[in-house]
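Reviewing the structure listed below.
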Amino acid sequence: MAAELVGGAVLSAFLQVLFDRVASREVVDHIRGKKLNDSLLKKLKVTLLSVNAVINDAEEKQFRCSLVKEWLLELKDAVYDAEDLWDEIATEALRCKLEAESGSTVSQIKPKIEEILDRLEFIAKQKDALGLKHGVGETQSWKIPTTSMVEKSDVYGREDDREAIINLLLSDFVNGNDMSVIPIVGMAGMGKTTLAQVLYNDDKVMEHFEFAAWVCVSEEFDICRITKTVLEAATSIPCDIKDINLLQLKLKEKLTGKKFLLVLDDVWNESYDSWEALKRPFNSGLQGSKIIVTTRNESVASVMRTVPIHHLKQLTDEDCWQLFAKHALESGKSDAYPILERIGRDIVKKCKGLPLAVKTLGCLLRFKLDAEEWEKILQSDIWELSDDQSNILPALRLSYYYLPSHLKRCFAYCSIFPKDYEFKKEQLIQLWMAEDLLQHPRRNKRMEEVGDEYFHELVSRSFFQRSGGENSCFVMHDLINDLAKFVSGELCFRLEDENSQEISEKTRHLSYVMALEDLFKRFEIFYKAKSLRTFLPLYLPDEFYCLSNKVQHDLLIKLRCLRVLSMSNYHSISELPDSIGKLRHLRYLDLSRTLIKRLSESVCTLYNLQTLKLAYCYRLRKLPMGMHNLINLRHLDITGTCVEEMPTQMSKLKSLQSLSTFIVGKENGIKIGELGKLSNLRGALSIKKLENVMNAKDAYEAKLKDKKYLVELDLEWGHGKTDDTKCERNVLEKLVPHTNLKKFQIHNYGGTRFPDWLGDESFCNIVSVSLHNCENCCVLPPLGQLPLLKHLSIEGFDEVVAVGPEFYGNSSLVTRPFQSLEILKFSWMSAWEEWCSIGVEDECRAFPRLQELHLESCQRLVGSLPKKLPSLRKLVIEYCEQLVSPLPKAPAIRELELIKCDMVVLHELPRTLHSLKIKGCQVVVQSFLEIVKVQACPRRLDISDCSSLTSFPGGCLPTTLSFLSINNCEKLEFPVQHYHTSLKHLLTVDSCDSLGYFPLDFFPNLNSLTIVRNKSFRFFTLPEGPCKVLASINYLKIRGCPEFISFPRGLSAPNLTDLWVEECENLTSLPEGMRIILPSLRELRISGCPKVESFPEGGLPSCLSSLYIGGCNKLIARRREWHLQSLPLLTSFGIFDESENLKSFPEEELLPSTLTYLSMFGLSCLKILDGRGLQHLTSLTTLVVSGCTELQAMPEEGLPLSLVDLIIRRCPLLRERCQREKGEDWPKIAHISCIQMDDNSFKFVTLRVKLGYDHHAGTCVQGKLENREVPGLLISIGGRYLSITILFNRTLPLQGQLIQDESDPCPRNRNVSCLESMLDNRIKHLGAFELLLSAAEVPLLLFSVKGAVPEPLDFYYMIPTMNDMSTPSWNSGKSLHTLTG
């Protein structure tokens, strides 16, 4: 049995790849063509076979013997070198074949083969000296056989698992089986056996079964031994029978008519036949008999189970601590040892919820009360413990040892991933393919399918676990990650700050977490690893990164063995050197999200390339013409690029498995028929520029109907009116896809009707359909016939007047239209007037599962909406101003949004309503709120642009409300006479003009309060009495309140973390004694408060980390009294001041040395940067100098050496002196790694726009650019960040990027949102961002604000003035030019 588990193949997978290379026909023919002696190949084959014979023994002994581990490492290193040599020979053979040339000579090849052979023979001779034996390694059993006995006090955190399985055990009817098998699955050390012991000994369980048996099965599935053990438990008599037939007959006799419980602990067997043979006598038991199986392998459970697998999850940190304390401390009590408890809780976090690891470390510290001993364990690696000290390590090693040989290499490779790193299955399989870690498939199986099997196997054996998010990623438990790192040794290396010098010459696979600025110094050590195969930077999402040019132009090109190269998300990369073509082994190249403009033609000589990722390289406009030479290319992703046309002869890429986008060429360009020859395409495909398909015959030749592996298809025509609607319909008629399709989109189709196949019930797998901007279509297709359709979006149908029975489908075929639909969206239907009823009886059957309904910008729609939607949870109606229909009866509704639809009728609201938003509804708002008060229990209420609203019903808020936003409701009286204990968040903007004071004591649980632009608000009131503590509030913002004069005396808010006071002209002081009464304050912003002269007596709170002061001339004039040195945690500081008094800044010792971020903005009279005040800022990493028009020079002393980012904007005098290499001040700043400056090629066009606000949407405003030929447009938004909705009237590829406002001293997380958008009079939502529009003309831009932005904004347009209007030259992809004012 052990041989089956370990041996796997005749040759281990470790040597199989090399052996396949040596024996491959291409290599053999090439070598023979060079007249090279075959004896060398035969000797190499014999040597590989002799080494392979002892591989399994060596892999087992490496854990106990360092010499064996070193021998294995040397062997792997030699085999890697041999693989590289044979790969080079195979690549040369392929090149000669493609280019019809002769290759290397014998004199070049023979010495290299001889050198490899000598090295392998020398290593092979060492195996005898190490005592390595042929065949299976002699694994030593470390486990004490388990029994049914359990110490119940050792069990923590398994109550839910216990209860769920006991319910199964006590049920006699489970899935209709007489005997049920309940598998418990989890990784080694997860507590499977302990849980089974608890279940086995439960009183209710013991009473339920006539007898029970426990068998520790372990690695060897011995049917005879297991049967004998159960028989002895049933008879309570020792058994000497050795014949399996007699044993099973005897057991069957004893079990007949009895209800039994059997536990099979630690099962490894995956053979269905073996399980069938074992379980035959068990079938004679009484109905309700149960078998519990514990295993770490999901495949084992799948073979045996009759009920769903019970996956055992990690314990919580608290449960881990209880278990740890029980073993480490006397009586498990930690109260007397607070220091040890603090350390111990950190120790258990290392165990990541693994009970056996927790228990191991707890036992190591048993009754040791020395904190130093505990610190040693905290700082040490669990893998440093000996087997005598730990059970967890042998348990995990056993999991690895019994991995099939072909999986061991794949698993070891995963050590390149840092702990807690989330990886995707598809990417890892592509990496395995690139590294030749997959056995070559047979019987027409694809390599990706082999990789998928490997991956699933590692998941089923608990080496990989699904991450908790919704992004279908996987992670490795920390100890599994440690195991991978151990078995990979020096071959895999993760660059981390503390190990930068540990890289070895033997290292083949390298990864590192990217830094925002990756300087060349960080990579110098990589020159040592000359045979590196994997160069894999790993990035955190929503960040922008820069890479030293020297890395890509010097280092990477010298790593000639690279197979995997990623530079994804490096925004400093705009081109690849032509020498990239010298990386002949390269199989995986990822340049996604870089600013690359072109790909060198030399890329087309990378004949081994399998995966090319260019997603969201939005500056990339063209692919190399020689792409057809990449005959091994399997995956090409150009999503979100500006590529305008595909290279010709794409049909030669016969190996292509996934192609994100195919762009149809014009008359002389690539034809859509080229797709027909790419028969292996699968996954998602987008076909663009279908207007270039001239006839239906060309469309038919794409053979979409034959592509049965495609699951997503997007068909897209160009924008603009078509001249031939019939042609477009005929083209779409022939683009019928295979019925396996799951997601389907059509954009900008110009036909008047859809072909009959769209909506046909044969497309029974479709779950999502989007039909956008089909402006000429007057009838919707019968989509109600699609039985699995869940998501449907219909947008921009300008000719549809009515939606009726044709939409629901043939009533004789469809009894329940849209039976699976969950989300339905109609938007921008400019002519739509009526949603026709299909009859009361039929209507009740339609949309039984609909959860969301969106009607947006259907301004002519009158009625009627569906009468009843039983599953509806969210209803959104926006800008449907003619809609007079009653809202549907929706007993399950939770969210209702009504925007600019003043004629809808609402009769009732269920108590399930959670959130209500009303905007721009002057007529119905009062009646709606009355119904809400009586019938609903909302927790969130958003009201905006309701100028007619004067009061809340009854003069009070709904008692269940926790969030309230009021925007642009000037006449509304805020209810201040009632207690509102449920309200936690309150935002008022341009509203409640009569609100002269705010009674904080009436809102005892308020967490955040924002009051913006209220001309009457003067003060707060506090609870009466000496205790005036506001314990709940943590965010307070007051802006644009000219009558606000002071904070109340005695205000105490111990949990307030953010305080913003802006544009309060009559405010004279901040809260008195704020150092004491606001002890948790982290961020303070004070601006536009000219009467504030000083900080309160006692200074600012000591926890303050971010401080911004602007437009407070008197306060800034007395800056020497700030005493910022007393703030030990202050890291971010910003200042804005236009007064004539500030000519030099910062004075010596004004700012604390803890600062990491310093912003000086709009200091219009500043002439001198005081070097003495900057030199002691030894932690400063970012300095922003903006709008300092009189600033003449950098300080003579230079800037702090710690500085990483220097940003200079709108400082014309300073900019000239800081020009790279030429400016007088360049030597003072040359040491700074990232310098950003605006330049003279930009002129500034300013358009100031004041907007209306609320939490989600604001008043639309319009700006028109006079220059109609703008090659690039940069839009930057000043003030607090928000998201915006942008409306364009043409196709625009977009790049989104959140930028740092230089007036904001608090660095925000930057958010990358790169996408390609086809908008054409449609709305698209993006985050707060820096937007680069690449377009020939931008005639009209329309903005509407979205987000919690209680303040006015200025939009600034910046238009580059360049000679080459087609290619704007932005600087290296950094946040370019931010304009605020």
Side-chain angles (χ1 to χ4, degrees), residues 942 944 962-969 974 983-993 995-1000 1003 1005-1022 1030 1032-1048 1051 1053-1067 1069-1071 1074 1077-1078 1080-1089 1092 1100-1101 1104-1112 1132 1134 1136 1251-1256 1258 1277-1282 1301 1303-1306 1308 1328 1345 1347-1353:
D942 295 79
S944 60
S962 64
F963 182 100
L964 174 60
S965 172
I966 307 171
N967 194 329
N968 201 22
C969 301
F974 190 83
L983 197 66
K984 294 183 178 179
H985 306 279
L986 174 60
L987 168 70
T988 71
V989 181
D990 286 323
S991 299
C992 307
D993 284 353
L995 182 67
Y997 71 97
F998 188 87
L1000 289 169
F1003 299 85
N1005 295 310
L1006 203 61
N1007 295 150
S1008 65
L1009 172 61
T1010 301
I1011 301 175
V1012 176
R1013 289 191 299 279
N1014 188 301
K1015 58 187 178 183
S1016 302
F1017 177 68
R1018 293 173 56 83
F1019 59 91
F1020 294 102
T1021 63
L1022 291 176
L1030 301 173
S1032 61
I1033 195 159
N1034 52 50
Y1035 178 93
L1036 177 60
K1037 179 171 183 178
I1038 306 165
R1039 175 169 185 166
C1041 299
E1043 298 302 316
F1044 180 61
I1045 53 177
S1046 67
F1047 289 91
L1051 168 68
N1055 296 307
L1056 188 71
T1057 58
D1058 293 70
L1059 176 59
W1060 292 36
V1061 187
E1062 301 177 321
E1063 299 175 23
C1064 298
E1065 293 90 339
N1066 289 305
L1067 180 69
S1069 66
L1070 293 173
M1074 62 187 298
I1077 65 172
L1078 306 179
S1080 301
L1081 196 66
R1082 300 286 190 274
E1083 180 175 347
L1084 173 62
R1085 294 177 66 103
I1086 176 169
S1087 66
C1089 301
V1092 175
L1100 299 174
L1104 201 67
S1105 61
S1106 176
L1107 174 62
Y1108 173 70
I1109 304 171
C1112 302
S1132 183
F1136 165 76
L1251 302 175
Y1253 300 89
D1254 70 9
H1255 187 71
H1256 287 296
I1277 303 169
R1280 291 290 284 173
Y1281 299 122
L1282 67 158
D1301 176 1
S1303 67
D1304 188 345
C1306 316
R1308 309 288 170 185
V1345 175
V1349 189
E1351 56 190 274
L1353 297 179

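- Taking the six-membered ring for Trp and thresholds of 30 and 60 degrees, W1060 and Y1035 have ring planes inclined between 30 and 60 degrees apart.
- Each of I1038, T1021, L1009 was checked for a side-chain contact (heavy atoms from CB on, under 4.5 Å) with F998, and the lone residue meeting it is L1009.
- With a 4.5 Å cut-off on side-chain heavy atoms, T988 and F1017 do not count as touching.
- Of all heavy-atom pairs spanning F1044 and R1018, the tightest one is CD1-O, 3.2 Å.
- Between F1020 and L1030, the closest side-chain pair of non-hydrogen atoms is not below 4.5 Å.
- A 4.5 Å side-chain heavy-atom check between R1013 and E1063 finds every atom pair outside the cut-off.
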Requested in this report: Apply the test side chain to side chain contact (heavy atoms under 4.5 Å, CB included) to residues N1014 and C1041: give CA-CA distance (whole Å), side-chain angles for both, the deciding distance (0.1 Å), then the verdict.
Outcome: CA-CA 5 Å; N1014 188 301; C1041 299; 4.2 Å; yes

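- The two residues D1058 and E1083 have their closest heavy-atom pair at OD2-OE1, 3.2 Å.
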Query raised in the report: Would F974 and I966 count as a side chain to side chain contact (heavy atoms under 4.5 Å, CB included) if you check the C-alpha gap in whole Å, the side-chain angles of each, and the deciding distance to 0.1 Å?
Result: CA-CA 10 Å; F974 190 83; I966 307 171; 3.9 Å; yes

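- Judged purely by atom type and a 3.5 angstrom limit, S1032 uses its side chain to pair as donor or acceptor with the backbone of L1006.
- M1074 has its side chain within reach of P1101: a pair of non-hydrogen atoms, C-beta onward, lies under 4.5 Å apart.
- A 4.5 Å side-chain heavy-atom check between S944 and N968 finds every atom pair outside the cut-off.
- Taking each heavy atom of F1047 and S1069 in turn, the nearest pair found is CD1-O, 3.8 Å.
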